Amino acid sequence: MKKHILEAFEKNYAIPQININGLIWIEGILKAAQENASPVIIATTDKNIPFLGGYEFILKTIKNKVKTMNISVPVIVHLDHGLSVEGCKKAVDAGYDSVMFDRSQLPIDENIKLTKEVVDYAHKHDVYVEGEVGAVGGSEDGMVSNLKYASVDDCVRLAKESFIDSLAPALGSVHGEYVGEPDLDFGKMQQINDILNIPLVLHGASGISDHDLDKAIKNGHAKINFNTEINIAWNKDLRQYLNNNPNDYSPQNILKSGIKTISTTAQSIMSKCSSINKVNI
Ligand code: 13P
């Protein structure tokens with residue numbers, strides 16, 4: 001993760017993180033990454049781990065798919081919104097490449113202390129760590145929070161005192177669909193980027209304009225997270241397919257249509273992140 005994200009950081013693009021909800025997500029995302037020569041981060045939220053079969057199962061499934069589909073672009077497996085130190089350690093033990101620890105709702109001193117615990121353990125195993133300050137609003141996989149803009153001082157403290165590899169400062173983005181226009185604080189973003197000079201991570205990217213995503217990349221965001229956009233596209237496709245083919249009971253046909261939509265949407269996400277053709281294959 002470190003090598004790829006630093007390359008993105010230096011060369012002004014972002015590696016897309018796309019969250020998965022089952023096997024067809026893995027297939028569609030890998031297909032798009034390979035066809036577009038883009039590095040990709042496949043992520044599972046802490047809350048979604050039991051539904052997806054547990055850390056080991058998820059990791060083995062992704063690795064096996066990488067092999068059987070002959071994928072040669074970098075594929076990074078990441079824990080999104082790790083809610084406990086134990087959960088992050090389990091992901092590290094299972095072989096995840098990267099973990100996000102998210103206790104940003106706690107007072108900053110506690111957030112720093114627990115994040116550092118995760119960093120100490122993860123770095124011993126050569127695993128990348130992302131921390132968060134403030135709160136991304138909205139809801140994701142049953143995790144609900146109210147938007148809280150990060151303070152610059154807290155960002156500096158978390159980065160310098162916990163030794164995280166990248167920082168997700170909540171600056172107005174929201175998980176799920178936006179009500180009204182997203183209002184990102186680009187002034188703070190620039191300040192944080194200038195002071196810290198480490199890769200930043202943007203959560204809640206579905207619904208943010210290409211123009212704002214571009215500005216975020218120019219202000220140090222080297223990883224951008226998407227979930228809702230792909231789920232909406234998959235959902236629309238599924239309803240349409242079933243309506244248009246009321247007598248088709250073949251799970252393969254129905255699921256294949258979903259893979260195609262997931263792949264096309266992943267390609268559009270890669271284009272928004274400017275990560276297409278960044279890998280020599
Ligand atoms: P969206 O669901 O809004 O795209 O956010 C995804 C995300 O930030 C994952 O952590």
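Counting convention: from 1, in listed order, for ligands and their atoms alike. The structure presented is a predicted model; accordingly, all values stated were derived computationally and were not measured.
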>> With heavy-atom distances below 4.0 Å as the criterion, list the atoms of ligand 1 near His203.
In response: 8 (O), 10 (O)
>> Show me which atoms of ligand 1 lie under 4.0 Å from any heavy atom of Asp80.
In response: 9 (C), 10 (O)
>> Judged on heavy-atom distance to atom 4 (O) of ligand 1, which of Gly207, Ser206, Gly204 sits nearest?
In response: Ser206
> Between Glu7 and Lys11, is any pair of side-chain heavy atoms under 4.5 Å apart?
Replying inline: yes
> Which atoms of ligand 1 have any heavy atom of His81 under 4.0 Å away?
Replying inline: 10 (O)
>> On the six-membered ring of Tyr55, is Lys90 placed so that its NZ or CZ lies under 6.0 angstrom from the centre and within 45° of the ring axis?
In response: no
> At a 4.0 Å threshold, what atoms of ligand 1 neighbour a non-hydrogen atom of Thr228?
Replying inline: 1 (P), 2 (O), 3 (O), 4 (O)
> Taking the side chain as C-beta and beyond, is there a heavy-atom pair between Ser268 and Glu229 under 4.5 Å?
Replying inline: yes
>> Aromatic contact between His175 and His81, with the criterion being ring centroids under 6.0 Å apart: yes or no?
In response: yes
>> Show the atoms of ligand 1 that are less than 4.0 angstrom away from any heavy atom in Asn19.
In response: 9 (C)
> Please state which protein non-hydrogen atom is closest to atom 6 (C) of ligand 1 and give its distance, to 0.1 Å?
Replying inline: Glu140 OE2, 3.4 Å
>> I need the single residue from Gln17, Lys2, His78 that forms a side chain to side chain donor-acceptor pair (under 3.5 Å) with Ser98. Which is it?
In response: His78
>> Within the 4.0 Å heavy-atom shell around Val174, which atoms of ligand 1 are there?
In response: 3 (O)
> Who pairs with Asn197 by side-chain hydrogen bond (donor to acceptor under 3.5 Å, both in side chains), at least two apart in sequence or on another chain?
Replying inline: none
>> Does only the side chain of Glu229 get under 4.0 Å from ligand 1, or the backbone, or both, or neither? Count heavy atoms.
In response: neither
> Which ligand 1 atoms, with their elements, are less than 4.0 angstrom from a heavy-atom of Asn227?
Replying inline: 1 (P), 2 (O), 4 (O), 6 (C)
> salt bridge (charged side-chain N to carboxylate O under 4.0 Å, His left out): which pairs involve residues 197-213, sequence neighbours left out?
Replying inline: Asp210-Lys272
